[in-house]
Amino acid sequence: MKALYADGTVKETEDELPVIRHTASHIMAQAVQRLYPGTKLAIGPAIDDGFYYDFDKEGGFSPEDLDAIEAEMKKIIKENLKLETYTLPRAEAIDYLRSRGEDYKVQLVEDLPEDAPISFYKQGEFVDLCAGPHALYTKAVKAFKLLSLAGAYWRGDEKNKMLSRIYGTAFESKEKLEAYLNMLEEAKKRDHRKLGKELGLFAIMEEGPGFPFFLPNGMVLKNTLIDYWRGLHTRENYYEISTPIILNQALWLRSGHWDHYKDNMYTTMIDDEVYCVKPMNCPGGMLVYKTEPRSYRDLPIRMGELGLVHRHEKSGTLHGLFRVRCFTQDDAHIFMRPDQVEQEIEGVVRLIDEVYSKFGFKYHVELSTRPEDSMGSDEDWENATNALINALTTMGLDYVVNEGDGAFYGPKIDFHLEDCLGRTWQCGTIQLDFQMPQRFELEYTGSDGEKHRPIMLHRVIFGSIERFIGILTEHYAGRFPVWLAPVQVRVLSVSEKSFDYASKVAAELKAAGIRMELDNSDNKIGYKIREAQLQKIPYMLVLGEKETADGTVVTVRTREGQDLGALKLEDFIAMVRQETADRV
RNA sequence: GCCGCCGUGGCUAAGGGGUAUAGCGAUGCCUUGGUAAGGCAUAGGUCGUGGGUUCGAUUCCCAUCGGCGGCUCCA
């Protein structure tokens, strides 16, 4: 497709989707200004899966407005306006925008570097400050749809005015747009909040917004993940500890949390003293380290803790299990000598990769650097950040830098996983910390007989078990692999003639340690299969007169709809146990 | 927290100024049926909560709580 660039040239573009979408956003802005004169424009870029435009309109928009805007956009496309581009000198550009009342655009120009060319795009009566490129005619936007309305702060700063953002998407063809809309529908079916309810995994009640309840099936998932986690950590020579949920405020003053994290902390009074509900496990870990004198020979000490932390998150940010107010971190604190830092970081990176690979997750890595509100010397921060970079480089891991997003006590490597819509959520993290050991005066005796200060690593693999379960649910669309499935087998009797045999088989499965359910209801077999299918149970055993007569076989149906035929019960049990043991 | 939308029996929804409707589910009875929904019947709702307007509110208005989509923030 040919595109019009801001220097006036027309070139073939490789990447036409962003061009189409950006042009669609201009058409939307034009439609909005036709329908609602006086609406001011902020920014309107193409994004990964569509486009948006931020508007400043008195009273905002209603969902019905979207239909009207869409209709007007279709008219503009039909008018097939030609796009033109031109540049203006800075002062002239500002005057022009001011004359049109485009205050936000004026600000944008004022913030451009002195020598930057200031380009405009024009289609019909509509003009917008824009770097392009754009389609040549409005007709190039063949397939689009407006999707949602949202508030968005001007320049993403909550101190600024809240603007009205309209999201939409556009594609090269109607077919691709349809395919995308279908994908959104499919994604809704995988949403862990929906599946969590349908499969009886968890519930979040009005009585505790952001505080999830785990239901029996979800609890099996959680415990199974924890079993797996414990096995790995034993193999990797971790100890496990558990520290209290509520600790005296003095501890949090000492750790720096009170100064840097109190907005997220819950407090309570005990015997007239302030206590805090822990938002992190590290201070407790510090105290455990100090319970004994430590030698350089003891290091590294890898101290794991499945800690339940509580954090006050703003109400609008809560999101199923992805964003909650209390969650279990599969935490660990590693106390090391300076010469052990890199090997320990690498060990954790490998462990995270092992776990994520096990589930077939795609992930990306971010390096988060020093935030504004933080503690410690520049030198410590630089050393810590370099240590993380070195480890990443040595391991050949690609990463993006997330400036200023580190913890208040140190920089971190973050591992992000995708949900069903491709949104990413931070799960694993490795944080290097020189501050806590100083604040808590941690020591070990070196080979020289002198006291030295250890360096500490905070790390999680799952991150939050709750969030991880949410991701897992969407990743598998609720069809958990056998080893994780809350119910692995459901025994279905065809009629009451096989009730006894079904009960006997169920008892044997249970005795073999298989998670099973027995359906001896008087429903028809088709109905029972449907129920088991909707619960996404991996194996269904269909037991009727044939199996009863034989007395040793079970007929196996998988949730994929596959009929494995008649198997000896003992062979079926061996198979399920093997799959469970192999965690496949 | 902010902007917009939403809140009807266990679930999914329809409705709308005159105390409400369906499907699924539940329960009971009939049916004993071989790979995704057998039939009949019954029960279940102070329409999120609190105010207001009105002869009358679930419906309109205000507040509040909760949810959804974003923004900000973050595991």
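Chain identifiers are assigned alphabetically (A, B, ...) following the order of the sequence lines, protein sequences preceding nucleic acid strands; residue numbering begins at 1 within each chain.
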Can you confirm if the NZ or CZ of Lys57(A) lies within 45° of the ring axis of Phe61(A) and under 6.0 Å from the centre of its six-membered ring?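 Lys57(A) over Phe61(A) ring: yes.
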Could you tell me if Arg423(A) sits above the aromatic ring of Phe322(A), with its cationic atom closer than 6.0 Å to the ring centre and no more than 45 degrees from the axis?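 Here Arg423(A) fails the 6.0 Å and 45° test against Phe322(A).
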**Asked** Starting at the 5' end of RNA chain B and moving along, which residue's nearest nucleotide shows up first, Arg165(A) or Cys326(A)?
**Response**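 It is Arg165(A) whose nearest nucleotide is closer to the 5' end.
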Closest-nucleotide 5' rank along RNA chain B - winner of Ser148(A) and Lys528(A):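 First, find each residue's nearest nucleotide; the 5'-ward one identifies Lys528(A).
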| Nearest listed nucleotide, side chain of Ile525(A), among G34(B), A75(B), G69(B) |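 Given the options G34(B), A75(B), G69(B), the side chain of Ile525(A) is closest to G34(B).
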Can you classify the ring geometry of Tyr476(A) versus Phe480(A) as parallel (below 30°), tilted (30 to 60°) or perpendicular (above 60°)?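 The arrangement is perpendicular - the two ring planes meet at more than 60°.
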Examine the base of [N] for any acceptor or donor lying under 3.5 Å from a partner atom in the side chain of [X], and report the outcome as yes or no.
X	N	value
Tyr153(A)	G70(B)	no
Glu207(A)	G66(B)	no
Arg311(A)	C74(B)	no
Glu158(A)	U72(B)	no

Considering just the side-chain nitrogens and oxygens of [X], establish if one lies under 4.0 Å of OP1 or OP2 belonging to [N].
X	N	result
Thr429(A)	A75(B)	no
Gln533(A)	A36(B)	no
Lys194(A)	U12(B)	no
Lys524(A)	G39(B)	no
Tyr527(A)	G25(B)	yes

Practice problem: Between U35(B) and A75(B), how far apart are the C1' atoms? Round to whole Å, please. | Solution: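 To the nearest whole Å, 43 Å.
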Fill in: Lys504(A), NZ atom: more than 12 neighbouring heavy atoms under 6.0 Å
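Count over threshold, so yes.
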>> Return the pairing partner of U49(B) with a 3.5 Å limit on both distances, Watson-Crick or G-U wobble; otherwise return none.
In response: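 In the structure as shown, U49(B) has A63(B) as its Watson-Crick or wobble partner.
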